[in-house]
Each structure stands twice: as structure tokens, then as C-alpha cells.
Engineer: 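Below are the C-alpha cells for one structure; questions will follow.
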Protein chains: 2
Amino acid sequence: MNIGDVANQTGLPAKTIRYYEDIGLVKPLRDDNGYRRFRSQDVHKLNFLGRARALGFTIEDCRTLMALYEDETRASADVKKVARAHMAQIEAKIADLNAMRDTLSHLIDACAGDDRPDCPILQDLGGKA
Amino acid sequence: MNIGDVANQTGLPAKTIRYYEDIGLVKPLRDDNGYRRFRSQDVHKLNFLGRARALGFTIEDCRTLMALYEDETRASADVKKVARAHMAQIEAKIADLNAMRDTLSHLIDACAGDDRPDCPILQDLGGKA
DNA sequence: ATGGGGGTTCCAGTCACGGGAAGGTCAAGA
DNA sequence: TCTTGACCTTCCCGTGACTGGAACCCCCAT
């Protein structure tokens with residue numbers, strides 16, 4: 001399979017696939033004309049990567065997870081540890097965003113949103129007073 | 001005030017303050033020795049920027065908000081519009097993160113986390129089967 | 001004169017790609 | 001056979017909002 005077919009199958013942009021090769025996540029073969037030739041195991045890896053990325057894992061996490069995936073003697077505890085650390089990050093981010101949303105929500109509610117200049121949003125940003 | 005004092009007062013790193021000058025958000029004066037000299041209005045602006053950034057507004061949003069802040073003839077509707085657009089982005093991100101968290105949570109719960117290799121997390125990433 | 005704690009500029013790196021240029025390759029149709 | 005157009009290749013730059021670090025200047029106290 002050429003890169004375009006793989007892009008179609010996996011839903012990953014060709015650019016992304018080339019990038020993943022660049023950083024050593026996949027190692028497709030090469031045809032005589034220089035085109036990348038992807039075996040089914042390459043496609044499988046790319047699907048794995050796509051799913052892991054969709055769950056928000058960093059590339060480095062993906063590298064780790066892939067290594068565990070291919071290591072038959074892994075301990076599931078190691079996988080779980082990576083996943084838990086990642087979930088902690090996600091939850092921290094959610095908490096941050098929720099705080100922002102709450103503040104913004106209050107400010108937006110308090111703002112008339114008409115053609116007059118008075119604006120509690122700007123007042124707050126300007127240091128309240 | 002020199003940049004270090006301003007950094008202390010605003011809580012912004014000196015690097016960030018220089019960056020903000022670079023991109024034209026603040027325009028401190030210069031002493032003869034080349035040092036930046038910040039007036040109180042500069043400090044005020046930087047505090048404004050710090051708060052806006054803490055609410056997650058992009059730098060471009062900050063630029064817009066600052067312009068509105070300094071425009072006495074602004075309409076609060078314009079401010080509200082910016083804030084609402086930003087809140088929509090935040091909510092979209094929260095939704096994404098919640099979806100990830102839910103999926104991750106399930107997978108983590110299903111994983112024994114012991115020294116055996118069987119792992120539903122990797123199974124899922126590998127395409128379930 | 002020396003030391004230390006300011007300040008300055010500029011360059012490179014972050015993260016995970018995306019855009020676009022310049023050019024090679026291939027299969028199909030006129 | 002020639003040409004068209006859809007592929008593919010590499011390479012370099014840009015993204016956002018900084019952060020780290022090098023190399024250097026300035027000022028005050030000892």
C-alpha cells in the first residue's frame with residue numbers, strides 16, 4: 001500500500017504518517033521508486049497510534065504504549081500507570097477549563113451586550129476596583 | 001520601574017513581558033542605559049493581560065480586548081461577543097476532554113494492573129478485536 | 001578591582017503537525 | 001507517443017505563547 005491508501009484506511013493525513021516515520025514510530029519499506037510501501041502491520045500500528053492520539057496521549061506516551069503493546073512479557077500494571085498519569089493530566093486540565101468557564105459565564109451574564117460602553121467583563125480584566 | 005519590579009508586581013515572568021513588548025502589546029519607555037522603564041499605565045496593561053490570559057483568551061483576543069478597553073466609545077456587545085466565542089471554544093474543549101476521560105476511565109477500571117500481560121487498554125488501542 | 005545581581009539582545013527549542021514549493025513517477029486517454 | 005493529472009518525494013517555514021540559554025552590558029557595594 002502507498003501512503004495515500006494508508007491515509008484513507010487510517011484516517012490519518014499523509015503528512016502525519018510521514019511525520020510518524022520521521023520520529024521512528026513506523027518503519028515502512030521503500031519501493032524502487034522511493035515510494036513508501038506499508039505492510040499490514042504498519043497499518044495496524046498507525047491505527048493504534050491514531051486511537052492513542054485520539055485519547056490525548058502524547059507522542060512519547062504513544063511510543064511507550066507501542067513498546068508495551070509489542071512486548072509480550074509486559075505487565076499490565078505498566079500500561080495502567082501510563083494511562084492513569086495521563087488521566088490525571090486530563091482531569092487537571094478539565095478543572096482549569098471549568099474554572100475559566102465559570103468565571104467567564106458570570107462575566108458574560110453580567111454584561112448587557114448592548115451599544116453602551118459599560119462592561120463588567122472589561123472592568124474585571126482591568127482590575128475590578 | 002525596571003522589568004524585574006514589574007515582574008514581581010504582576011506575577012508575569014520578565015521573559016513574557018519582553019515578549020509582550022515584542023508583539024506590541026505594551027510599549028514601555030527606555031532609559032539611557034537601554035533598560036525598559038515601565039509607567040503605571042504599562043503595569044496596569046500587563047495586569048489586564050495577565051488576567052485575560054488566565055481566563056484562556058488568546059493573545060489576539062487580548063489585543064482586541066485591550067483595544068476595546070481603551071476605547072471609551074466601545075459597545076459592550078463587542079466585548080461580549082469575544083467572550084462568548086471564547087467560552088464556546090472552552091466548552092468544546094471540555095467536551096473533548098470529558099469524552100477522553102470517560103473512555104480512559106473505563107479502560108483503566110477494566111485493567112487489572114498486575115504483573116500479567118493481559119491488558120484491555122492495549123487491546124482497545126490495538127483495535128479491540 | 002571584583003563580585004553579584006540586575007539588565008539587554010538574539011537564537012533555538014517546545015508540541016504535533018500543516019502549508020506549500022519544487023520536482024520525480026505512474027496509469028490512462030487522445 | 002505524448003500529455004495530462006493524480007500521485008509520490010524531500011525540504012523548509014510557520015503555528016502559539018512562551019522558555020532556556022548564551023553572550024554581553026550596567027551599576028553598586030565591598
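Residue numbers start from 1 in every chain, and the chains themselves are labelled A, B, ... in the order their sequence lines are given, proteins ahead of strands.
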Engineer: If you count the non-hydrogen atoms of other residues, nucleotides and ligands that lie under 6.0 Å from CZ in Arg63(B), is the total more than 12?
Structural biologist: yes

Engineer: Sequence neighbours left out, what passes salt bridge (charged side-chain N to carboxylate O under 4.0 Å, His left out) with Asp96(A)? Give chain and number order.
Structural biologist: none

Engineer: Are any of the side-chain heavy atoms of Arg30(A) and Arg36(A) separated by less than 4.5 Å?
Structural biologist: yes

Engineer: For Glu91(A), give me all partners under salt bridge (charged side-chain N to carboxylate O under 4.0 Å, His left out), at least two apart in sequence or on another chain.
Structural biologist: none

Engineer: Please report the interatomic distance CD1(Ile108(B)) to NZ(Lys81(A)), rounded to the nearest 0.5 Å.
Structural biologist: 13.5 Å

Engineer: Are the side chains of Arg37(B) and Pro28(B) in touch, meaning some heavy atoms are under 4.5 Å apart?
Structural biologist: no

Engineer: So which atom in Ala83(B) and which in Ile121(A) form the shortest heavy-atom distance, rounded to 0.1 Å?
Structural biologist: CB-CD1, 3.9 Å

Engineer: Hydrophobic cluster membership, with links at side-chain heavy-atom distances under 4.5 Å among I/L/V/M/F/W/Y: are Tyr19(A) and Leu25(A) in one?
Structural biologist: yes

Engineer: Take the C1' atoms of the five end pairs on each side of the helix from dA1(C)-dT30(D) to dA30(C)-dT1(D), derive the two axes, and give their angle rounded to 10 degrees.
Structural biologist: 40°

Engineer: Would a single hydrophobic cluster contain both Tyr35(A) and Leu46(A), if residues Ile, Leu, Val, Met, Phe, Trp and Tyr are joined by side-chain heavy-atom contacts under 4.5 Å?
Structural biologist: no

Engineer: For DNA chain D, which residues of residues 1-29 of chain A approach it to below 4.0 angstrom with any heavy atom?
Structural biologist: Asn2(A), Ile3(A), Gly4(A), Lys15(A), Arg18(A)

Engineer: Name all residues meeting the salt bridge (charged side-chain N to carboxylate O under 4.0 Å, His left out) criterion together with Asp114(A); count only those two or more places apart in sequence or in a different chain, and write none if there are none.
Structural biologist: Arg116(A)

Engineer: Tell me which residues in residues 42-60 of chain B put a heavy atom below 4.0 Å from DNA chain D, sorted by number, or none.
Structural biologist: Arg53(B), Thr58(B), Ile59(B)

Engineer: Taking only residues at least two apart or on different chains, which pairs with a member in residues 41-53 of chain B satisfy side-chain hydrogen bond (donor to acceptor under 3.5 Å, both in side chains)?
Structural biologist: Arg39(B)-Asp42(B), His44(B)-Tyr69(B)

Engineer: Can you list the residues that meet the salt bridge (charged side-chain N to carboxylate O under 4.0 Å, His left out) rule with Glu72(A), with sequence neighbours excluded?
Structural biologist: none

Engineer: By a strict heavy-atom criterion of less than 4.0 Å, which residues belonging to residues 30-37 of chain B are in contact with DNA chain D?
Structural biologist: Asn33(B), Tyr35(B)

Engineer: Less than 4.5 Å apart, any side-chain heavy atom of Leu125(B) and any of Leu55(A)?
Structural biologist: yes

Engineer: Does this structure show an ion pair linking Glu21(A) with Arg18(A), if we count only N-O contacts that are shorter than 4.0 Å?
Structural biologist: no

Engineer: Rounded to the nearest 0.5 Å, what separation is found between the OG atom of Ser76(A) and the CG atom of Asp115(B)?
Structural biologist: 7.5 Å

Engineer: Counting C-beta onward and ignoring hydrogens, is there a side-chain heavy-atom pair between Met100(A) and Leu97(A) closer than 4.5 Å?
Structural biologist: yes

Engineer: Contacts to DNA chain D from residues 87-103 of chain A, heavy-atom cutoff under 4.0 Å, which residues?
Structural biologist: none

Engineer: For Phe57(B), check ring-ring contact (aromatic ring centres under 6.0 Å, His included) against everything at least two apart and list the hits.
Structural biologist: His86(B)

Engineer: Nucleotide range of DNA chain C contacted by chain A, 5' to 3', under 4.0 Å to a heavy atom?
Structural biologist: dA16(C) to dC26(C)

